[in-house]
Amino acid sequence: MLDPKLLRNDLDVVATRLRTKNYELDVTLIASLEERRRTVQVKTEALQADRNTQSKSIGKAKSQGEDIAPLLAAVSDLGEQLDTAKAELDTIQTELNEVLLGVPNLPDDEVPVGQSEDDNEEISVWGDLPEFNFAAKDHVDLTEASQMLDFETAAKITGSRFVTLRGELATMHRALTQFMLDVHIKEHGYEEVYVPYIVNRESLQGTGQLPKFEEDLFKLADERDLYLIPTAEVPVTNIARDAIQDANDIPLKFVCHTPCFRSEAGSYGRDTRGMIRQHQFEKVELVQLVPASQSTEAHLGLTQHAENILQKLGLPYRKVNLCGGDLGFSAARTYDLEVWLPGQNKYREISSCSNFRDFQARRMQARWRNPETGKPELLHTVNGSGLAVGRTMVAILENYQQEDGSVRIPQALQSYMYGISEIRF
RNA sequence: GGAGAGGUGGCCGAGUGGCCGAAGGCGCUCCCCUGCUAAGGGAGUAUGGGCUAAAACUCAUCGAGGGUUCGAAUCCCUCCCUCUCCGCCA
C-alpha cells in the first residue's frame with residue numbers, strides 16, 4: 001500500500017509515476033473519496049468526543065446522587081446521529097481502502113520505461129553459452145527414453161501441469177534444494193525457516209497477492225478462507241506482520257524451501273511443454289527485512305546471492321532490469337535472472353529479485369524501532385528466488401547434455417548425489 | 001472428538017459497568033545520590049488514526065467481530081487462538 005499521505009498531498013505526481021507501470025490511477029475517485037472521508041471523519045469524531053464528555057458527566061452526576069434524567073434527555077438523539085455518521089464513515093473507509101489496496105507500488109526512478117518484457121534492460125551476462133556439435137534437445141526429449149521425467153503419470157494422478165520424477169532425477173531435484181540451502185545458510189548468512197504452506201487472507205493481503213490476484217491462487221474448499229502458498233514469500237515475509245522488531249534483531253535474512261502452488265489461470269497454452277510452468281514447483285526463497293536506508297544495498301546483495309548459485313552450477317545467465325510495464329504489482333524494482341535454455345534457444349526467468357520498499361511492510365504493519373528516534377518505522381522488504389528448483393534442473397539437463405544423450409552432473413552437485421557424475425536415460 | 005481454564009501494554013499481572021488507555025511489579029531510557037562490585041531516590045516509557053505549519057486538542061484499540069447501554073477491559077452472542085485432562089494419531 002502506498003503512503004496515504006502521499007496520495008493526499010501529491011496525487012498527480014503519484015498518477016504520473018504509476019503510468020510508467022501502465023497503471024492509470026483514478027485520481028478523481030480517490031480525491032473525492034478522500035474529501036468525503038475527511039469531512040465525515042471529522043464530524044464523526046466530534047460527535048464521539050461529545051458523547052464521551054456527556055457520558056462522563058452522567059457518571060459523575062449519578063455518583064453524587066443527582067438527578068440524571070435531564071442529562072439523559074440531552075444525549076438522547078446523539079446516539080442516532082453517531083450511528084449514522086459512523087455508518088457513513090465506515091462505508092467511505094471501506095471503499096477507500098479497497099481502492100488503495102488495488103493501487104500498485106510506485107516504481108523506482110531507475111526503472112526503465114517500457115511496455116513488456118521486450119523492453120527490459122540487460123544489465124549483465126555471465127558464462128559462455130554451450131556449443132553443441134549435435135542437435136541440442138530440450139529436457140523433455142532428453143529424458144524421453146526413461147520414466148524419470150513423467151508428465152503422463154502426473155496427469156493421471158492429478159491433471160495437467162504436474163510432473164512425476166523418478167530415480168536419479170528425483171534425487172537431483174532434492175540435491176539442488178539441499179545445495180542451494182547450504183550455500184545461502186553457510187556462505188550468505190541466511191537463517192533457515194520452516195513455515196506453513198497454507199496461509200490466511202491477511203497474509204496474502206500483506207504481501208500483495210490479495211485482493212487483486214485471487215484467481216492466481218489455489219483456495220481451500222472449506223469455510224476457513226485459506227489458500228495454498230504461491231511462493232514462500234507469503235508466509236516468510238508475514239513472520240514480521242503486526243510486529244515491531246528490536247533494532248538488534250534486524251536485518252532479518254531468511255531462506256526457506258517450500259513448494260509453490262499456482263493456478264496459472266490466464267496462461268493457457270503458454271509453456272505447456274515440459275516442466276517450465278507447473279501448478280506445483282519447489283523453490284528456495286530469500287527474504288530480507290531491513291531498515292529503509294539499507295534496502296537498495298540488500299536488494300543488490302540478495303540478487304548476487306541468487307547469481308552465485310547459477311555460477312556455482314556453471315549455468316550461463318543474464319541479469320535484466322525489469323521495465324515499468326513488466327514490473328509486478330508490489331515491486332518498486334526488480335532484477336530478473338534468466339538462465340540459458342539450449343532447448344528453447346533463449347534465456348528464461350529462473351529468479352526474480354525485488355525490492356518492495358515499504359509497500360508490503362505498510363500492508364503488514366511490519367516495523368522496527370529506530371533507537372535514534374525511539375519510534376517504530378516501517379521496514380523495507382526484499383526477496384528473490386534463490387532459485388526455482390524445477391527450472392534449475394531443466395537448465396542443468398539442457399546445458400550439460402552430451403552427444404550420447406546423457407547429462408553430466410555439475411561438480412558442485414556431485415557430492416549431493418552420492419558422487420555420481422552423470423545420468424543416463 | 002469430549003471436559004475444563006484462559007487471552008489485558010516489551011514481559012508478569014490487577015481490574016466484573018463510569019473517576020480505566022488501564023494499578024502494581026519487572027525491563028528499558030534519562031537524572032540525582034552513593035567511592036565500590038551492588039543498592040537507593042526521582043522522572044519518563046503502547047500502537048494506529050484525525051486535525052494542524054507544528055503543537056494543543058481529539059478518535060480508536062484490553063484476541064477478532066457483533067450486540068446491550070447515555071457509557072463496556074468489565075454484561076450477552078459468534079468466531080479465532082492458547083493451556084490442562086481424556087480419546088485418537090504422523
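The sequence lines fix the lettering, A, B, ..., with proteins before strands; numbering per chain opens at 1.
- Base pairing of B:rG40 is made with B:rC32, judged by Watson-Crick or G-U wobble geometry with both donor-acceptor distances under 3.5 Å.
- Each of A:K375 and A:I58 lies near RNA chain B, and the nucleotide nearest A:K375 is the one positioned closer to the 5' end.
- The side chain of A:R38 contributes an N or O atom lying less than 4.0 Å from OP1 or OP2 of B:rC51.
- Within the nucleic acid shown, A:R362 has no heavy atom closer than 4.0 Å to any nucleic acid atom.
- Nearest nucleotide to the A:K5 side chain, out of B:rA60, B:rG50, B:rU47: B:rG50.
- For the C1' atoms, the distance from B:rC32 to B:rA39 is 14 Å, rounded to whole Å.
- Position along RNA chain B of the nearest nucleotide to A:D50 versus A:S55 favours A:S55 as the more 5'-ward residue.
- Atom CG in A:N200 sits about 19 Å away from atom P in B:rG63, given to the nearest Å.
- OP1 or OP2 of B:rA60 sits under 4.0 Å from a side-chain N or O of A:R51.
- Note on A:Q54: nothing from the nucleic acid sits closer than 4.0 angstrom, heavy atoms only.
- Across all strands shown, the partner of B:rG6 is B:rC81, judged by Watson-Crick or G-U wobble contacts whose two distances both fall under 3.5 Å.
- Here B:rA14 sits opposite no nucleotide as a Watson-Crick or G-U wobble pair (both hydrogen-bonding atom distances under 3.5 Å).
- Residue A:R224 places no side-chain N or O under 4.0 Å from the OP1 or OP2 atom of B:rC81.
- Minimum atom distance to the side chain of A:R8 is reached by B:rG50, of the listed B:rU47, B:rG50, B:rG71.
- Salt-bridge check for A:E377 with A:R367: failed, with every basic side-chain N at 4.0 Å or more from each acidic carboxylate O.
- A distance of about 23 Å separates the P atoms of B:rG4 and B:rA14, rounded to the whole Å.
- A distance of about 22 Å separates the C1' atoms of B:rG9 and B:rG65, rounded to the whole Å.
- Candidate nucleotides B:rG48, B:rG18, B:rG50 were compared by shortest atom distance to the side chain of A:Q365, and B:rG48 ranks first.
- Using atom P as the reference point in both B:rC57 and B:rA22, the two lie 14 Å apart (nearest Å).
- Counting non-hydrogen atoms of other residues, nucleotides and ligands closer than 6.0 Å to NZ of A:K219 gives a total above 12.
- Of the C1' atoms belonging to B:rC80 and B:rG10, the separation is 24 Å, rounded to the nearest Å.
- Base pairing of B:rG1 is made with B:rC86, judged by Watson-Crick or G-U wobble geometry with both donor-acceptor distances under 3.5 Å.
- Atom NZ in A:K86 sits roughly 10 Å away from atom P in B:rG66 (whole-Å rounding).
- Atom CD of A:E152 has 12 or fewer heavy atoms from other residues, nucleotides or ligands within 6.0 Å.
- Atom pair A:K60:NZ and B:rC19:C1' shows a separation of 7 Å (rounding to whole Å applied).
- Atom name P, nucleotides B:rG44 and B:rA23: the rounded distance is 12 Å, in whole Å.
- Under the Watson-Crick or G-U wobble criterion, with both distances below 3.5 Å, B:rA23 has no partner in any strand shown.
- Out of B:rC19, B:rG50, B:rA60, the shortest distance to the side chain of A:Q48 is found at B:rA60.
- Listed candidates were B:rG48, B:rC59, B:rG50. Nearest to the side chain of A:N52 is B:rC59.
- The ring of A:H279 has its center closer than 6.0 angstrom to the ring center of A:F218.
- Ring centroid separation for the pair A:F329 and A:F359 comes in under the 6.0 Å cut-off.
- With both pairing distances under 3.5 Å, B:rA60 is matched to B:rU47 as a Watson-Crick or G-U wobble pair.
- With rounding to whole Å, A:E45 atom CD is found 12 Å from B:rU58 atom P.
- Of the candidate nucleotides B:rC51, B:rG49, B:rU47, B:rU47 has the atom lying nearest to any side-chain atom of A:I244.
- Rounded to an integer number of Å, the gap from A:D90 CG to B:rA60 C1' is 13 Å.
- Distances from the side chain of A:R367 to the nucleotides B:rC59, B:rU47, B:rG50 place B:rU47 closest.
- In this structure, A:Y190 and A:H188 have perpendicular ring planes: the angle between them is above 60°, well past the 30° mark.
- A:H299 and A:Y335 have their aromatic ring centers within a separation under 6.0 angstrom.
- One can place CG of A:L89 at 20 Å from P of B:rG48, the figure rounded to the nearest angstrom.
- As judged by a 4.0 angstrom heavy-atom cut-off over every strand, A:D246 is placed among residues making no nucleic acid contact.
- Separating the CZ atom of A:R369 from the P atom of B:rU29 is a distance of 13 Å, rounded to the nearest angstrom.
- Atom P of nucleotide B:rG50 and atom CZ of A:R36 are separated by 18 Å, given to the nearest angstrom.
- Sparse packing is recorded around CD of A:Q411, with 12 or fewer heavy atoms of other residues, nucleotides or ligands lying under 6.0 Å away.
- Using a 4.0 Å heavy-atom criterion, one finds that A:K62 contacts the bases of the nucleic acid, with or without backbone contacts as well.
- One P atom belongs to B:rC20, the other to B:rC11, and the distance between them is 23 Å to the nearest Å.
- B:rC83 and B:rU8: their P atoms are spaced 14 Å apart (whole Å).
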